[in-house]
There are 4 protein chains.
Amino acid sequence: MKTQKQQACRRSKRAHEAILAATLELIEQRGYLGLSIEGIAACAGVGKQTIYRWWPTKAALVIEAYSQKSTDYLQSPDTGSVKNDLEVLLTAIFTRISAPPSSHVITGLVAESQNNPELAAQFHRVFLKGRRELVIELIEKGITRGEVNPEIDMEIAADSLFGPMWYRLLIRHTPLDQNFAKQLVRQTLAGMSASSEEK
Amino acid sequence: MKTQKQQACRRSKRAHEAILAATLELIEQRGYLGLSIEGIAACAGVGKQTIYRWWPTKAALVIEAYSQKSTDYLQSPDTGSVKNDLEVLLTAIFTRISAPPSSHVITGLVAESQNNPELAAQFHRVFLKGRRELVIELIEKGITRGEVNPEIDMEIAADSLFGPMWYRLLIRHTPLDQNFAKQLVRQTLAGMSASSEEK
Amino acid sequence: MKTQKQQACRRSKRAHEAILAATLELIEQRGYLGLSIEGIAACAGVGKQTIYRWWPTKAALVIEAYSQKSTDYLQSPDTGSVKNDLEVLLTAIFTRISAPPSSHVITGLVAESQNNPELAAQFHRVFLKGRRELVIELIEKGITRGEVNPEIDMEIAADSLFGPMWYRLLIRHTPLDQNFAKQLVRQTLAGMSASSEEK
Amino acid sequence: MKTQKQQACRRSKRAHEAILAATLELIEQRGYLGLSIEGIAACAGVGKQTIYRWWPTKAALVIEAYSQKSTDYLQSPDTGSVKNDLEVLLTAIFTRISAPPSSHVITGLVAESQNNPELAAQFHRVFLKGRRELVIELIEKGITRGEVNPEIDMEIAADSLFGPMWYRLLIRHTPLDQNFAKQLVRQTLAGMSASSEEK
DNA sequence: TGATAAACGAGACGGTACGTCCCGTCTTGGA
DNA sequence: TCCAAGACGGGACGTACCGTCTCGTTTATCA
């Protein structure tokens, strides 16, 4: 019962790690578009086939290489108020994600995701899901505390916080400074209408 | 003195148009990534050189081909209330932009923009600037009408309306239906805080 | 003392036969050049190593596969005259050897023999030696009978009978019909000079 | 009428010559089997495509490279007797063709010809036809002189002179010395029968 | 009658070369 | 002079096999 299936393949640990390392190294040197399977293989001292055997796509390889680096720093803040919680979390995320070379890598992945649903799903899993869940959790805490209107649409709430980040990152190429996170949180919470009271 | 520059070249109108037409045709057949200069030249019955002579980049060519199609339908609504104005405008934009094959084309352009500032600028000029200015204009009308809080940060306001659109389009691959525009506008105006009154 | 070496290995009969059978099958399907160790292994349901363990070369494997088929039909005719004996023997050989797919196989082997003396020796042993000895034997019988000039060069005699066969087979791609064997024998015996009397 | 077709393509003389030169150079270094398109391209400083554009096959390329070297030395001897004429001509041919690296090259070509009729035809045109016609011409002169029996089969006659050469070259790996040409001619003319008179 | 060592199937591995696609530049007539 | 046509040197693609190398898993003596 225990040996059921687990050894399906004898994957070489050495090759696996060398490939991921080479990928990270080359992507920082030449950017996502300048990355080639051929180059990774050469740099890792590996046959091309060994790459094609385990990753369907350049993009999948890049995701795996990056996902190791990027999933650890996330943690739920707990300052006592939604506003502060969100400010802390978003500031951390914005800072992290907008530091090169991440931004270039992310763009390449986004581009390839358009024509590759599997990749899109994987990207979503690695780069979005966790962060989104954290944000929603914080907002729900705010609702139980009575800070947040319980009738809001949670999807739109999350989109309103992350959308502007990606927008600035990918399209407007405008800096994601700390102030931006702060102001975005405030304005999103308070709304723009004249009738709403800020504090 | 007057002809100084305008006839710098004897550009073949036939070739120019054939190239743009071929670009549109092929991009709809094979997507942005499947597009090649070689293919466009063959399809347009044109030498490759003729393309390279007039466009620096595949992307520049695509932008020109698309900009002809996409700039005309925009107009400022005037319903009397910010909320309605924004709903009408955003619904129109969202519908337009999320219809294939535009979405795929746009992704490709976004991707290439990352490494190509000129292209990014051109993309901004063609696809963003006009829309953004319209939205800002509507909000300012709202301010003068007393509907919108005059102290909001206008950049963040615009980002809050467009960011979620691009986010859903490029990353979450979630539909941009009419309802989305409507709810987004409402929630952005009203804010999420418990203290704000909806109506 | 007697078992010293003979059981050096426990060779799997099943694998051995499956490999030879797969070789014959694939060579008839795809020709000598289209044959790959990988393909044979897959078709025989055998690991590649098992092939490499027992045969040094694709060619050696092919020779073994073929030698089983090709050594049995030879027998010395005895009609009473050199001319008839040779006609009968060569007709049999020519017919056998020129039937596809043998001819393609043989060509491949000839090609590889050039760079592989061991293979050349093995090829010689399997495909040439026996036939050549038979022919020489027949000619020597002719000499003792007084039919053949005892001063001829026997090497050249054998070359004169087999050379044209291989030439037509490998290079001129001209049919080796029965008539050819007959006429070749006659003209070789009689010579071409005007002074020689035929019939 | 004059420009009919002659300029069908603008082939680069430089590339053409560099490729043929590289082919000759590499084939002498590494043999026919060790020759690769990739290697030729690299050595000639040429894109692979440029080779594939003009030659369908490695073999075709090799033939062209060799045909330049091998067609010039042939000339019809005229000593007054068939025997001497044939001896002179065959000695020249045998010497030429058996000098390495030609022999290896030729073998490779023969092998590939088996599966490629066009190549076989080209090989025939370049390496066989001329020589064969010369021999037949010499024999016909012999017939008019009354030296050769006019009833012989000319095809078999030619096969009897060339067959043994190719046989020794490709299969028996036996030297083609001058004596061989001489004795082959004599025995082929005189025949092997006891009734024929030599001298 | 096990134990034990080999041969086995499977297939991953570092490589080489394949033949194709497209890049961006260069060259050659023809209009 | 600009155009279509397309050859050119080059880089990367994804595939096919090479021959070597582990992996467990039979299997067939001989201790």
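Every chain is numbered from 1, with letters handed out A, B, ... down the list of sequences. All values below come from the heavy atoms of this structure, side chains included, with hydrogens, waters and symmetry mates left out.
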State which residues pass side-chain hydrogen bond (donor to acceptor under 3.5 Å, both in side chains) with A:E118; sequence neighbours excluded, sorted by chain then number.
->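 Here no residue qualifies.
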Return the set of residues passing side-chain hydrogen bond (donor to acceptor under 3.5 Å, both in side chains) with B:E112 (not counting sequence neighbours), or none when no residue passes.
->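 Applying side-chain hydrogen bond (donor to acceptor under 3.5 Å, both in side chains) to B:E112 gives B:Y32.
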Specify the closest pair of heavy atoms between A:L109 and A:A59, including all atoms of both residues, with the distance to one decimal.
->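 Closest approach of A:L109 to A:A59: CD2-O, 3.7 Å.
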Can you see which heavy atom on D:T23 is nearest to which on D:A65, and at what distance?
->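 In terms of heavy atoms, the two residues are closest at CG2-CB, 4.1 Å.
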Ignoring backbone atoms, establish whether [X] has a side-chain N or O less than 4.0 Å from OP1 or OP2 of [N].
X: C:T50; N: E:dG9; result: yes
X: A:W54; N: E:dC13; result: yes
X: A:R10; N: F:dG24; result: no
X: C:R53; N: E:dC8; result: yes
X: C:R14; N: F:dT27; result: no
X: D:W55; N: E:dG19; result: no

Using heavy atoms to find the nearest nucleotide of DNA chain F for C:K58 and B:A15 separately, return the residue whose nucleotide is more 5′.
->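 Per heavy-atom nearest nucleotide, the more 5' residue is B:A15.
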Rounded to the Å, how far apart are [X] [atom1] and [N] [atom2]?
X: B:K13; N: F:dC3; atom1: NZ; atom2: P; value: 15 Å
X: C:I51; N: F:dC17; atom1: CD1; atom2: C1'; value: 12 Å
X: D:Y52; N: F:dG9; atom1: OH; atom2: C1'; value: 16 Å
X: C:Q49; N: F:dC23; atom1: CD; atom2: P; value: 14 Å
X: D:L61; N: E:dC18; atom1: CG; atom2: P; value: 11 Å

Those residues of residues 32-47 of chain B lying under 4.0 Å from DNA chain F by at least one heavy atom =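 Within residues 32-47 of chain B, the residues near DNA chain F are B:G45, B:V46, B:G47.
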All side chain to side chain contact (heavy atoms under 4.5 Å, CB included) counterparts of A:E17, not counting sequence neighbours =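 A:E17 satisfies side chain to side chain contact (heavy atoms under 4.5 Å, CB included) with A:K13 only.
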Taking only residues two or more places apart in sequence or in another chain, which ones pass side chain to side chain contact (heavy atoms under 4.5 Å, CB included) with C:H16?
->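 Listed in chain order: C:R11, C:L20, C:W55, C:E64.
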Indicate, yes or no, whether a donor-acceptor pair under 3.5 Å links the base of E:dG11 to the side chain of C:K48.
->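 Per atom types, no contact qualifies.
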Anything under 3.5 Å between a donor and an acceptor, one on a side chain of residues 34-51 of chain B, the other on a protein residue two or more places apart or in another chain? List them.
{"residue": "B:S36", "atom": "OG", "partner": "B:G39", "partner atom": "N", "Å": "2.9"}
{"residue": "B:E38", "atom": "OE1", "partner": "B:K48", "partner atom": "NZ", "Å": "2.8"}

